[in-house]
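Notes to accompany the following structure.
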Amino acid sequence: MKTIKKAVIPAAGFGTRFLPITKTIPKEMLPLVDKPNLLYTIEEAVKAGVEDIVLIQGRGKYSIEDFFDVSYELEDQLLKKNKIELLDRIKYLKDYCNIISVRQKEALGLGHAVYSAHHVVGKDPFALLLPDEIMYTAPSTPSVTEQLVLHYNEHSVSTVATMKVEANEVSKYGIIDIDVLDSHRFKVKDVVEKPEPENSPSQYALPGRYVFASEIFDYLKNTKPGKNGEIQLTDGMVQLAQKEGLEAITFKGQRYDTGNKLGYIQANIDYALRHPEIKEDVKAYILKIAKELS
Ligand code: G1P
């Protein structure tokens with residue numbers, strides 16, 4: 001059986017919810033403390049054994065590629081000034097993984113963005129990570145993508161992460177219809193993109209982490225525009241579930257939706273509270289303003 005060495009990360013959106021900053025800075029480069037949020041997603045994939053990252057990009061996102069390239073002038077300056085600790089923070093990035101950029105030439109939907117990777121991924125199974133969703137796991141535990149890869153390796157079936165959401169939240173997500181296999185493992189029978197609560201098949205949502213057999217591309221190729229006139233990944237997943245099999249697992253980890261302002265700020269606070277350099281000061285500051293606000 002093939003193991004997962006490739007991950008696809010769609011990063012082609014305009015990030016309109018974060019205008020004006022996203023006018024010139026891709027939303028994937030917005031920082032969580034001192035690292036671009038995309039790097040956390042890439043770290044999650046690399047921890048799962050991924051070597052090749054296929055970034056689906058739109059126009060004007062050159063800063064992402066530059067970030068994973070050598071920065072000669074800066075590295076030279078840091079070396080000359082013997083700032084080795086700072087140099088170590090950037091030097092590894094150029095060899096951290098192979099970044100392969102693919103252009104999505106038209107914004108036709110997530111299913112279309114993922115399909116844009118088919119030439120590069122070929123017949124290999126792959127992980128798909130939506131970078132708006134940041135998944136924190138403790139350093140000693142498997143990353144969320146790693147949890148999916150372990151399940152894929154054990155059961156040889158495409159596997160997606162799922163989480164239970166409130167009934168009034170289902171219209172924000174792809175929602176799965178399931179047969180329960182055990183307390184954290186489900187067989188996916190159907191997938192509905194952003195249903196109204198009254199039509200939702202369950203409260204189990206898709207938080208943007210997937211491991212797919214390459215057959216998903218065959219189904220995406222023929223997927224017509226669906227919800228909101230977009231080519232939806234979930235419509236391709238319905239075919240995959242019904243023809244090849246698809247399972248969903250609940251996962252261990254803390255999820256942040258950094259695609260909206262509140263989730264982004266929450267993630268920044270939590271990552272600051274974990275950051276060895278500033279965590280004590282940040283904690284003291286939060287306690288101080290909490291007192292002032294109450
Ligand atoms: C996309 C997917 C949806 C998934 C969600 C997770 O929607 O279409 O199925 O649940 O990501 O973040 P978006 O949030 O991009 O509209």
Side-chain angles (χ1 to χ4, degrees), residues 7-18 22 26-28 30 37-38 40-41 44-45 55-58 104 106-117 127-136 144-145 148 158-178 186 188-197 199-212 216 219-220 223-241 246 248-251 253-264 266-267:
V8 174
I9 302 184
F14 290 124
T16 48
R17 274 189 270 185
F18 282 87
T22 44
K27 69 173 171 177
E28 297 78 12
L30 297 181
N37 66 53
L38 178 65
Y40 294 88
T41 306
E44 178 190 330
L55 282 180
I56 313 298
Q57 296 195 289
Q104 185 194 15
E106 290 174 278
L108 298 181
L110 180 61
H112 178 259
V114 174
Y115 183 70
S116 313
L128 169 67
L129 300 89
L130 307 189
D132 274 353
E133 310 259 355
I134 300 286
M135 300 287 188
Y136 173 79
V144 173
T145 295
L148 297 181
S158 295
T159 306
V160 297
T162 191
M163 62 179 188
K164 203 164 184 190
V165 296
E166 299 293 333
N168 62 1
E169 297 255 286
V170 291
S171 58
K172 291 186 187 166
Y173 301 97
I175 301 289
I176 51 178
D177 188 13
I178 52 169
F186 312 123
V188 178
K189 295 192 293 184
D190 199 4
V191 194
V192 186
E193 182 68 14
K194 304 193 177 86
E196 292 310 317
N199 302 323
S200 189
S202 77
Q203 284 170 243
Y204 282 98
L206 299 171
R209 293 295 184 273
Y210 319 76
V211 165
F212 287 130
I216 188 71
Y219 302 116
L220 288 175
T223 298
K224 301 272 174 293
K227 185 95 184 180
N228 302 330
E230 294 176 8
I231 297 174
Q232 296 289 352
L233 172 66
T234 35
D235 290 339
M237 288 171 65
V238 174
Q239 302 287 315
L240 186 78
L246 178 65
I249 58 170
T250 56
F251 57 92
Q254 165 86 45
R255 168 209 175 238
Y256 301 93
D257 180 2
T258 63
N260 69 73
K261 290 181 185 107
L262 175 62
Y264 174 71
Q266 287 169 333

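Start at 1 and go down the list; that is how both ligands and their atoms are numbered.
Protein heavy atoms are absent from the space less than 4.0 angstrom from atom 15 (O) of ligand 1.
I176 is listed as a side-chain neighbour of L206, based on a closest heavy-atom distance under 4.5 Å. A 4.5 Å side-chain heavy-atom check between S158 and M237 finds every atom pair outside the cut-off. Side-chain contact between P201 and I178: absent, with no pair of heavy atoms (C-beta onward) separated by less than 4.5 Å.
Only the side chain of L130 comes within contact range of ligand 1, with a heavy atom under 4.0 Å; no backbone atom does.
Shown here is E106, whose CD atom has no more than 12 heavy atoms of other residues, nucleotides or ligands within 6.0 Å. Within a 6.0 Å radius of CZ in F14, other residues, nucleotides and ligands contribute 12 heavy atoms or fewer.
By the 3.5 Å distance cut-off applied to N or O atoms, K172 is not counted among the residues near ligand 1. The shortest N/O to N/O separation between L110 and ligand 1 does not fall below 3.5 Å.
Between T234 and ligand 1 there is a heavy-atom distance shorter than 4.0 Å.
The contact set between ligand 1 and Y173, taken as ligand atoms under 4.0 Å from a residue heavy atom, comprises 10 (O). Distances below 4.0 Å separate heavy atoms of E133 from the following atoms of ligand 1: 6 (C), 12 (O). For ligand 1, the atoms closer than 4.0 angstrom to any heavy atom of K194 are 7 (O), 8 (O), 13 (P), 16 (O). Here is the list of ligand 1 atoms found below 4.0 Å of a heavy atom in G174: 3 (C), 4 (C), 9 (O), 10 (O).
Of all the heavy atoms in P207 and R255, the pair that sits closest is CB-NE, 3.9 Å.
No hydrogens or angles considered: a donor-acceptor pair under 3.5 Å links the side chains of T145 and E44.
Scanning the protein for heavy atoms near atom 10 (O) of ligand 1, the closest one is L206 O, 2.6 Å.
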Determine, step by step, whether T162 and V188 satisfy the side-chain contact (heavy atoms from CB on, under 4.5 Å) criterion, reporting the C-alpha distance in whole Å, the side-chain angles of both residues, the deciding distance to 0.1 Å, and the verdict.
-> CA-CA 10 Å; T162 191; V188 178; over 6 Å; no
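Among M163, R255, E193, the residue whose heavy atom lies nearest to atom 3 (C) of ligand 1 is E193.
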